Amino acid sequence: MAENRTTKALDIETAVSTLVPDVTESLWVGGMHMHNVPMALVRECIRQGKRFKTLYAAPSASLAADLLIGAGLVDHVVCGYIGFEHLGLAPAFRRAAEEDASIQITEADSGSLVLALQAGAWGQPFAVLPPGIEQTSLVKQSPSFYRQVEDPFNGTARFVVEAVRPTLALIHCQQADQFGNGIFKGSRFADRFLGLAADRVIMQVEGLVDNGQVLKYPLQTGLPGFRAAAVVQVNFGCHPTSSHRYYNYDDVHLRLYLQAAATEEGFRSYLDEYVLQPVDQEDYMRRVQNQDWGAITGEVP
Amino acid sequence: MAENRTTKALDIETAVSTLVPDVTESLWVGGMHMHNVPMALVRECIRQGKRFKTLYAAPSASLAADLLIGAGLVDHVVCGYIGFEHLGLAPAFRRAAEEDASIQITEADSGSLVLALQAGAWGQPFAVLPPGIEQTSLVKQSPSFYRQVEDPFNGTARFVVEAVRPTLALIHCQQADQFGNGIFKGSRFADRFLGLAADRVIMQVEGLVDNGQVLKYPLQTGLPGFRAAAVVQVNFGCHPTSSHRYYNYDDVHLRLYLQAAATEEGFRSYLDEYVLQPVDQEDYMRRVQNQDWGAITGEVP
Amino acid sequence: MSDDYKPVLRAGSDPLVFFKYPGADSEGEVARGHIMAAVMSHALRDGDVVVMGANSLIPLAAARLAQLTHAPNLTILAGASGGVNTLVEPLAPSSGDYANLIAEAVLDFPEVLMLQMGGRTDVFFAGGLQIDKQGNCNLAFTGNVSGQVTLRGPGSAGLPWAMRSGRAIVYVTSHTRKTFVEAVDFVSLPGATAEWEQGSWGGPEMVVTPLCVMDLTKQGEMRLVSLHPGVTLEDVLENTGFDLALPEEAAPITALPSPEELRILRELDPDALLVAVV
Amino acid sequence: MSDDYKPVLRAGSDPLVFFKYPGADSEGEVARGHIMAAVMSHALRDGDVVVMGANSLIPLAAARLAQLTHAPNLTILAGASGGVNTLVEPLAPSSGDYANLIAEAVLDFPEVLMLQMGGRTDVFFAGGLQIDKQGNCNLAFTGNVSGQVTLRGPGSAGLPWAMRSGRAIVYVTSHTRKTFVEAVDFVSLPGATAEWEQGSWGGPEMVVTPLCVMDLTKQGEMRLVSLHPGVTLEDVLENTGFDLALPEEAAPITALPSPEELRILRELDPDALLVAVV
């Protein structure tokens, strides 16, 4: 590539301050459960007080959604799944739903949300759902999300959902070159798909690799560079969630979060200690005391 | 895996005779243009006189479609694209469309057909098309293919196409294990997608690899084994189209075909010489005289 | 897993070296988790394509056990990881774990959903905050008619599509009156629908709990099938919030895993998660 | 490519060793293919995402030329191959060629369609059996009103979605009255639609032929922009089947590629396909 090609590598503070509007229409965060969640980017968004009118939570949102909701930065969540899998329910989301009505929740499901995202990616105005959804409580609970059309091929009533084109997607790849060609070293979850679909993508990576390595193994590129607005290198950026091939999730820290966030006060002090106070990722890592970070900084092939 | 797991490796004659009904509802052939087309399987289907009520020709059908149409084995073709790219138009398809009316042609486009296939794969009854298609002649030409619904979100009229679930897909992978785990060594074209979508998949490969190699590099598996009904090993099975990393397309032979098939008599003698007469792929290869097959049998990593 | 268990982050590793859990006593008791896994395994058939979602420790062990015993041609789609035919070496508590990529293929998660919703799977494993007499499952929230939410669950996830995914095997790790209710507050997974009764849709085939095995009658009512060893009929009825249908004769005792099955389950599960989970 | 050119099948090769075409005289004349590629290159902007379909020899050369000169941040989606930012080493006649996988990424073809139809590209290259005054293109068939097909083309392929893919650059390798007609028999690619005139949709921005460069006026009529060297206005008018709009002043001569552009085009194209193609 020409030498005068513009790099997309940015430091995390600059990437978030310049590429995330103070009030963003909609956000979709990559990863699933306790895996591949771009937590450093999410923490930076919270630190900078970015607000999100709508958060799409699917296929399986966890800590990112819970922190954003608990921090009061989300007006409306379209919920397919927010939880912590075998570790428990989402405490801040619970509090928002059970105790106050400050947040609007659209009850949805992961299949319909992924189909809505797919419709958005293809420029389809809406997605037709397979039969069966009419047997659930969803269509009664969320009548503006699940609408009906008549099937022109056989006259049957079909439920449909409007296309979703997220304004912003935050995604983690294990590696990328400076032009945004991202490499997944393990599961791609829904992240390749999300990266192809969203209006703007900010990509977080463990390490930057040379463009020559991307050219040598193009079949392993998970997301082509032109879809990324910026690439942000952060060590252990998914912590306490996992980054396949690099590190597992930190279930001690996740349990610490769940215990703390069980009360509003506990949530506030967790937020303060691990999100608002740290000046950068290194500072964050110093505050996480149950990890021997030095033991796991080895390079991954 | 347990030692008593059933192999899916079959010889090509058995695979086609046992897994392809004599009259098959619908067929979708993998590959695009002069690349990755499972020609040995297609020739075997013709040899066995298999008939296909509907042939889906998209994103870019070429020799397979032209031979099947010319051989009179297709009743109805839904056409996104049938041609030979820089080498010219499809001679048998031309003759069928220009001279006789023996075949029904539904005029369609590749985008709508891929969306129809996607809808079928997801169990969606139909796919909504992006706006714009109403400005083409397609919607007037094929009113039963392109239908209309009212968008329940804003009242606009939208065109839609019915979901497609092909009864049979023929697909080429460079390699697979005996359980059908297929590996693409180059472009996947629409073939991974087709393999996930079709009712029944027969997979043709250049070489069989050990299941242990699949387990060692699972990220390179292009199609999971359970989607394949059979795996058929054939040398140079895509010839005269290409198999990435193994061999390029044979443009001398493709030109020979185009020249021959320009007349009905020429088509018949090509069909006889290269499809009906050869007793097997080796015999076919002997009849193709412009290739030094021995020079290119090297193993591919 | 005990609370004082402290894993460290896994160092970068090649695909065949995985995170090791501390070993557990493989000579210990037969746990409820072992019994549940074996029961589910027996419900799987050779050639089945089995898909599971979040928190699928027991289903994953069950599917792999079936593969290693009576169902060598069974296919496992291991939830969030996208892993197809993971070797389950070792059994990991999170469905998205890297351990599940010791596998034959890795699908993007939308492809897993597509196969499930497109009807390309034979068995779907599901759970819920609430399960009712008709087999309906609720993973969204509980609450009263006035709209007050009493327990906010994660959301309906992939449950609404269970009827498109073949036979649903419902499982829970706690059997109480809070879980087994007369009627769920919210239907995430439709149970005995008219389509299920007519046989045109999939639906709940079996319900496995730490106390017992249940199924649905042809009329779509939940019925006791067998009691786990040491569990009485009264234990089950006291902990079930609706009138459970009973078999015509006294319910038998759930079969224990065979010695071979137990050996396999323990080998897959060096951390004895199946002992800890229930 | 001459008809007696006989390639052999390529042996198994590693990703950085590609099929070698026989070299051509790099000191030869400036061919129409070179001029067309340079003109198209100039129409591309830095940062553009450029998508092309079948038979895209000239567009591929043009896009790579732009990348190597004024548009280093341009992205190439190389048609059927799915290759993203192929190095075009060497230029290959088929869009699905393995040579296009010397690239930064390889997309599945449905993903290429998705990006195109989803409006994530800036430039789409298109052609047709027929092109009319309003820029409509026909790739399906020609025929008369009674339904008789006179020339069966391949089909509309991805052309219906050009208006969703940004600026369309239309190109043909023969400029005759059979190609440039008053009104196409079938609209595969809608040209100057009302939406295009209002600026809310993309549409044909430039038409490049072996004789000249054209564009569409704001009113949606095709207009001459420049004549290739050695081509007269009469040549163009004689070979165009409709009243071509003319620029206010005499049409200039199309700029030749600069020596540097020509050097790059010849380097990308050792087989001189750009010389043979027109």
Side-chain angles (χ1 to χ4, degrees), chain B residues 32-36 57-60 79-83 85-86 89-90 93-94 96-98 107-112 114 118 130-133 135-138 141 186-190 192-193 236 239 242 244-252 255 290-293 295-296 298-301, chain D residues 1 3 5-15 19 53-55 57 80-83 93-98 100-101 106 108-110 113 116-119 138-141 148-161 163-164 184-190 193 195 201 277:
Chain B
M32 281 181 74
H33 298 298
M34 47 278 288
H35 305 283
N36 223 48
S60 300
C79 178
Y81 179 104
I82 307 177
E85 208 179 359
H86 59 292
L89 301 176
F93 179 45
R94 277 193 64 181
E98 295 168 19
E107 202 67 40
D109 73 281
S110 299
S112 299
V114 169
Q118 177 167 279
I133 195 76
Q135 302 274 355
T136 70
S137 302
L138 287 161
Q141 181 78 14
S187 294
R188 303 198 300 199
F189 302 104
R192 174 188 176 103
F193 188 60
F236 297 102
H239 184 274
S242 88
H244 281 178
R245 297 290 293 281
Y246 276 78
Y247 46 87
N248 207 337
Y249 58 93
D250 184 347
D251 69 353
V252 172
R255 284 167 202 264
N290 62 299
Q291 288 300 337
D292 178 10
W293 300 103
I296 43 171
E299 282 293 298
V300 166
Chain D
M1 211 154 30
D3 264 327
Y5 161 57
K6 299 257 185 297
V8 290
L9 298 184
R10 179 177 51 205
S13 58
D14 80 60
F19 185 49
N55 207 1
L57 192 67
S81 71
S94 170
S95 61
D97 203 279
Y98 184 68
N100 288 342
L101 297 201
V106 183
D108 285 27
F109 190 73
L113 275 174
Q116 181 201 328
M117 293 167 70
N138 171 15
L139 200 58
F141 60 82
Q148 172 60 38
V149 172
T150 51
L151 177 65
R152 176 65 235 190
S156 296
L159 263 58
W161 309 105
M163 83 288 273
R164 303 190 51 80
V184 294
D185 294 349
F186 191 97
V187 178
S188 297
L189 181 156
T193 59
E195 291 83 354
W201 276 2
V277 71

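Chain naming here is simple, since letters A, B, ... match the order of the sequence lines and numbering starts at 1 in each. Everything numeric here is computed off the predicted structure, so don't read it as measured data.
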Query - Side chain / backbone / both / neither for D/S81 at chain B, heavy atoms under 4.5 Å - result: both
Query - Side chains of D/S94 and B/H35 in contact at under 4.5 Å (non-hydrogen atoms) - result: yes
Query raised in the report: Once you round to the nearest 0.5 Å, how far does CZ of D/F141 lie from CD of B/E107?
Result: 5.5 Å
Query raised in the report: At a heavy-atom separation under 4.5 Å, does B/A108 approach chain D through its side chain, its backbone, both, or neither?
Result: backbone
Report task. Just give me the residue among D/P110, D/G153, D/G155, D/G96 that pairs up with chain B most often, heavy atom to heavy atom, under 4.5 Å. Result -> D/G96
**Report entry** Structural part of B/A97 lying under 4.5 Å from a heavy atom of chain D
**Finding:** both
Report task. Could you tell me whether the side chain of B/L89 reaches within less than 4.5 Å of the side chain of D/P154, counting heavy atoms only? Result -> yes
**Report entry** D/Q148 side-chain N/O to B/E98 backbone N/O, donor-acceptor pair under 3.5 Å
**Finding:** yes
Query raised in the report: Counting heavy-atom pairs under 4.5 Å to chain D, which of B/G80, B/G83, B/P59 comes out on top?
Result: B/G80
Query raised in the report: Which residues pass the side-chain hydrogen bond (donor to acceptor under 3.5 Å, both in side chains) test with D/N100, sequence neighbours left out?
Result: none
Query - Pairs of heavy atoms under 4.5 Å with chain B: top-ranked of D/D185, D/L159, D/T150 - result: D/T150
Requested in this report: May I ask you to check whether D/S95 and B/E85 show a side-chain donor-acceptor distance below 3.5 Å?
Outcome: yes
**Report entry** Closest non-hydrogen atom pair between D/F109 and B/M32, with its separation
**Finding:** CG-SD, 3.6 Å
**Report entry** From CA spacing to verdict: side-chain contact (heavy atoms from CB on, under 4.5 Å), D/L101, B/S187
**Finding:** CA-CA 8 Å; D/L101 297 201; B/S187 294; 3.4 Å; yes
Query raised in the report: Which bit of B/A90 comes within less than 4.5 Å of chain D, counting heavy atoms only: side chain, backbone, both or neither?
Result: neither
Query raised in the report: Distance from D/W161 atom CH2 to B/I133 atom CD1, nearest 0.5 Å?
Result: 4.0 Å
Query - Best-contacting candidate, B/Q135, B/R188, B/Q141, B/R192, against chain D by heavy atom pairs under 4.5 angstrom - result: B/Q135
Query - Closest non-hydrogen atom pair, D/A157 against B/Y81 - result: CB-CD1, 3.9 Å
Report task. Please examine the side chains of B/L138 and D/P160, heavy atoms only from C-beta on, and report whether any two atoms are closer than 4.5 Å. Result -> yes
Report summary line: Heaviest contributor of heavy-atom pairs below 4.5 Å to chain D, chosen from B/A190, B/A96, B/P131, is B/P131
Query raised in the report: Which pair of heavy atoms, one from B/H33 and one from D/A80, lies closest together, and at what distance?
Result: CD2-CB, 3.9 Å
Report summary line: When the 4.5 angstrom heavy-atom criterion is applied to D/L151 and chain B, the contacting part is both
Query raised in the report: Closest approach of D/D97 and B/N248, non-hydrogen atoms and distance?
Result: OD2-OD1, 3.8 Å
**Report entry** Leading residue by heavy atom contact count with chain D [cutoff under 4.5 Å; candidates B/P130, B/A57, B/C79, B/S60]
**Finding:** B/P130
Report task. Examine whether an atom of D/Q116 lies under 4.5 Å from a heavy atom of chain B, and if so say whether it belongs to the side chain, the backbone or both; otherwise answer neither. Result -> neither
Requested in this report: Would you give the length of the straight line joining atom CG of D/L113 to atom CG of B/D109, rounded to the nearest 0.5 angstrom?
Outcome: 9.0 Å
